[in-house]
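Here's the structure we're looking at; comments come further down.
So that the names make sense, note that chain A is the first sequence line, chain B the second, and so on, each numbered from 1.
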Amino acid sequence: MRRVGVALKQKLYAFVLCGFFILREGDVVLYDVVVAGAGVTGAFIARELSKYRLSVLVIDKESDVAMGTSKANSAIVHAGYDAVPGTLKAVLNIRGNKMMKRISEELDVSFKMTGSLVVCFSKDDIFELEELKIRGLKNGIDDLEVIGAERLREMEPNISPNAVAALYAPSAGIICPYELTLHAMENAVENGAELKLECELTGISYDGDAFRLETTKGIVECRYLVNAAGLYSDTVAEMAGDRSFRINPRKGEYVLLDKVYGSLVNSVIFQLPTDKGKGVLVAPTVDGNLLAGPNAEDIHDKSDTSTTSRGLLEVINVARLSVPSLDTRGIITSFAGLRAAGSTGDFIIGPSPVNKKLIHAAGIESPGLTAAPAIGEMVADLLKKSGLKLEEKSDFCPFIEKYIPSRKMSESQWNEAVKKDPAHGRIVCRCEKITEADIVSSIRRTIGARNVDAVKRRTRAGMGRCQGGFCSPRVIEILSKELGIPLEEVTKAGGKSVFLLKKTK
Amino acid sequence: MKKVDLVVIGGGPAGMAAAVKAKEKGVQDVLILERENNLGGILNQCIHNGFGLHYFGEELTGPEYAARFIDKVHRMNIPYLLETMVLNIDSDKTVTAVNSAEGVFTIKAKSIILAMGCRERTRGALNIPGTRPSGIYTAGTAQKYVNICGYMPGKSVVILGSGDIGLIMARRLALEGAQVKMVCELLPYSSGLTRNIVQCLDDYSIPLRLNHTVIAVHGKERLEGVTVAEVDQDRKPIPETAEFVPCDTLLLSVGLIPENELSRDAGIELDPVTSGPVVDNRMETLVEGIFACGNVAHVHDLVDNVSNESELAGESAAEYILGTNVPDREEAITVKAGNGIRYTVPRIIRKQSLSRNSVKIFFRVADVNRNVKLAARCGNNILLERKKVKVTPGEMETLELKAEDLQEIKAGEELVIEVKTNGEGQ
């Protein structure tokens, strides 16, 4: 996989030697496509484009991939009965759902097809389940079933005694959203795409031939621009003079429970949807925790991911309608994510009305995570329609190099690994049993972790019940050593989020 | 598979005291497994004094107290493995562990002593709303940064919770030049030792705000401040009292939780109040041959008590291994936390183990009270009563019952521990 990158560099080097052009620092590089946004949408667009002979650059203002909506969501692969038939949401949800199994194998992403249940608590509402089922049928899902209380309780022994029926969707599942984003982007990079982080887009101009992008890391030029900027995709559109849509942030708060409670439910438990979304769900996570949330609150500040006591209480209370035995003593952390709700109500995917070489992939709220691989395909197709030549590479490799964390190895594998590298025998995060080797690898991988939260998302170190109390001093030490920076410069999540200020007296 | 008579999980004060005592009592084959790179456990970072007054009769620092036991471990040639993490314990006493020298390995033990200690409650467990910046630490983690790593985690500090570690850290950070703005305590009383409130807060003019809590966290990257509010009698924040306190550091000292994930996986029954294994008067869990002591059994205030309790566990494990005292499990008295008592350790007394002179019952009261009697009774028969001027949940209490009195109680009967108030209130 890395061959590709090397091959490209060699070509570039050959160019330099031939004197066709000499690349100096400060020179403006012209890319075929720049993708603005390194969330799950941008990652799958980049991956799709990396199948073709194109120069592709992904830029993001944050210090890691998946730092917006992709980081904090319900982590669900939806079956696809919710969306209105005929909408992009419906079509791309179904397509994405069908692709996910293969994608998860190619990209080594944790994915479990647990099925989902929409639970209803009153006989009068069962017709709504039937309506959802019909909607699902129209969208092309033929395995939906309305099940009665008895079967429901067999499947979910801890479901509320008030539940009378449920819509069962066997094709729904759970996935790790940042692993999906990270691995998709790494696969794109390994196939030749470039990624520039902490690179904020500040201005766009178009000279009739190419876009000139002003960023916090200098000027970049591109022939085609893809807007996958999530919450900020309306801002990016506006920079290009396009005011055709708005993104309205809608906050959702979640609580995460200890693994001891992970088996409280077996599948994703929804309640009947409202006009603000699919409501508060209770679901296991791929790592064995239990997740409850989100509520829904329209807000104005696109950076406001703070939790509120009111919101968390609402989540717990509503979740308990489904699963009354949900124990708040099991909560190990809470968080909030923002949905990038588009002003049209549907995904906004298509060429900009002001310039067909600017393709929007905006308004990607739920079921965006599920739809992402399908959005990638669609955007590549739209670029083609706008004139971009898509010439397939013969050496595209859809597989990511698999990394098996120490704890997931068999005993003999683990022993072999320790013999080769003793760091496999040193547990740093005791709650999740993450070794020093796992952490070092997360820093050295294609898109390496640069801060403690990034290590956490890649390895789960600090994700457990002690929430980093024991392991963060060690993780800080390892980051400092691997990155060659002083301990005082190691951050939680980039910027000024340092842990240590100065040496003691 | 390696075979060892006694595996002690944890090389902190509990594990060391238990191992030393077991060897003294005749178990030749003892092995301590420790996950850190030193013996001594959390004592290594507790560089303040105040340890050992009861056990050694003199005042020591944490590392000094630990060193005395480390010396004993060395003198008695008790083997130990460092940076060794136990991954699993089976109820048949097979221990699976990993380290960088041996990889993954299993040990079949005749007996196991659990001495894994405890961890701190976190912000997540409290569900404090707000942003998620850096600068929020549990007090113990901050203590590690300062005392072990040699770095300051912040310069203006609010501490939530008046547990002992929080109080100790208030003083430690003040001594290092940080501005410690206040210690907030949700309850109307501190859960820390009185001497720590005097020596760590009063002496440094750090205000202790009782009935106060942190209701929000602010700051995008690094912590910029917290909102503090007074709480009413139901511990609900009173919105009008909310006050923004600028700070770059929030320390949490809001309780300790025994680390019993291994115990749970081994099928050992835990007490929902202590979060530690249910143990009998010999510190044996409900799985025969597996013992527990120190903070993994229940959270202690004083390491001196940990040492004593762990020696009892070590002695009991020795008796079990050598077969000198294996009491009939049917012949048991149940210990019940009665009026005003949160929990007791032990919860069971094995009648056939009462050859020793006495049984110490450790317990915590549920509320602060003055002029009370602490009592142990069986039915209407009062075995022991002790007057106390003041009791508080922050300080562990004990009643020492004579073996001969306990012999009077029939197997299957209850021994009730309770607080008797005389109606004068607080």
Identify which part of [X] has an atom lying under 4.5 Å from any heavy atom of chain B, answering side chain, backbone, both or neither.
X        : result
A/Val452 : neither
A/Arg310 : neither
A/Ile331 : both
A/Thr435 : neither
A/Lys433 : side chain
A/Leu313 : neither

Pick from [options]: which one has the most heavy-atom pairs with chain B under 4.5 Å?
options                                : result
A/Gln467, A/Glu488, A/Arg465           : A/Arg465
A/Ala417, A/Pro422, A/Gly311, A/Gly494 : A/Pro422
A/Asp453, A/Asp304, A/Ile427           : A/Ile427
A/Leu257, A/Ile332, A/Val260, A/Leu312 : A/Ile332
A/Arg430, A/Lys419, A/Arg329           : A/Arg430
A/Thr308, A/Asp258, A/Val255           : A/Thr308

Can you confirm whether more than 12 heavy atoms, excluding those of B/Lys155, are under 6.0 Å from its NZ atom?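 Open.
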(message) Is it the case that over 12 heavy atoms from other parts of the model lie below 6.0 angstrom from the NZ atom of B/Lys2?
(response)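 Count over threshold, so yes.
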Just give me the residue among [options] that pairs up with chain A most often, heavy atom to heavy atom, under 4.5 Å.
options                                : result
B/Thr84, B/Leu87, B/Leu175, B/Thr138   : B/Leu87
B/Gly135, B/Pro237, B/Gly154           : B/Gly154
B/Thr131, B/Asn99, B/Val104, B/Thr141  : B/Val104
B/Arg123, B/His218, B/Glu83, B/Glu176  : B/Glu176
B/Gly150, B/Ala216, B/Gly219, B/Gly177 : B/Gly150
B/Leu126, B/Thr122, B/Thr96            : B/Thr122

Report yes if the side chains of B/Lys220 and A/Ser303 come closer than 4.5 Å at any heavy-atom pair, otherwise no.
->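 They are in contact (side-chain heavy atoms under 4.5 Å apart), so the answer is yes.
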Quiz item: Taking only residues at least two apart or on different chains, which pairs with a member in residues 120-148 of chain B satisfy ring-ring contact (aromatic ring centres under 6.0 Å, His included)?
Solution: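 ring-ring contact (aromatic ring centres under 6.0 Å, His included) check on residues 120-148 of chain B returns B/Tyr137-B/Tyr145.
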Given heavy-atom pairs under 4.5 angstrom as the criterion, report whether the side chain, backbone, both or neither of [X] touches chain A.
X        : answer
B/Asn147 : neither
B/Arg121 : neither
B/Glu224 : neither
B/Arg35  : side chain
B/Pro133 : backbone

Give, for atom [atom1] of [X] and atom [atom2] of [Y], the distance between the pair rounded to the nearest 0.5 Å.
X        : Y        : atom1 : atom2 : value
A/Ile476 : B/Cys149 : CD1   : SG    : 8.0 Å
B/Arg119 : A/Phe470 : CZ    : CZ    : 8.0 Å
A/Ser309 : B/Ile128 : OG    : CD1   : 11.5 Å
A/Thr491 : B/Arg222 : OG1   : CZ    : 11.5 Å
A/Thr307 : B/Asn127 : OG1   : CG    : 7.5 Å

Under 4.5 Å, heavy atom to heavy atom, which residues of residues 403-415 of chain A contact chain B?
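Counting heavy atoms that sit under 4.5 Å from chain B, the residues of residues 403-415 of chain A involved are A/Glu411, A/Trp414, A/Asn415.
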* **Members of residues 497-505 of chain A whose heavy atoms come closer than 4.5 Å to chain B** =>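 The list, in residue order, reads A/Ser497, A/Val498, A/Phe499, A/Leu500, A/Leu501, A/Lys502, A/Lys503, A/Thr504, A/Lys505.
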Practice item. Please list, in residue-number order, every residue in residues 252-261 of chain B that has a heavy atom less than 4.5 Å from any heavy atom of chain A; write 'none' if there are none. Key: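 Hits under 4.5 Å: B/Glu259, B/Glu261.
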Return the minimal non-hydrogen interatomic distance between A/Pro473 and B/Lys144, and the atom names on each side.
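That closest heavy-atom pairing would be CG-CD, 4.1 Å.
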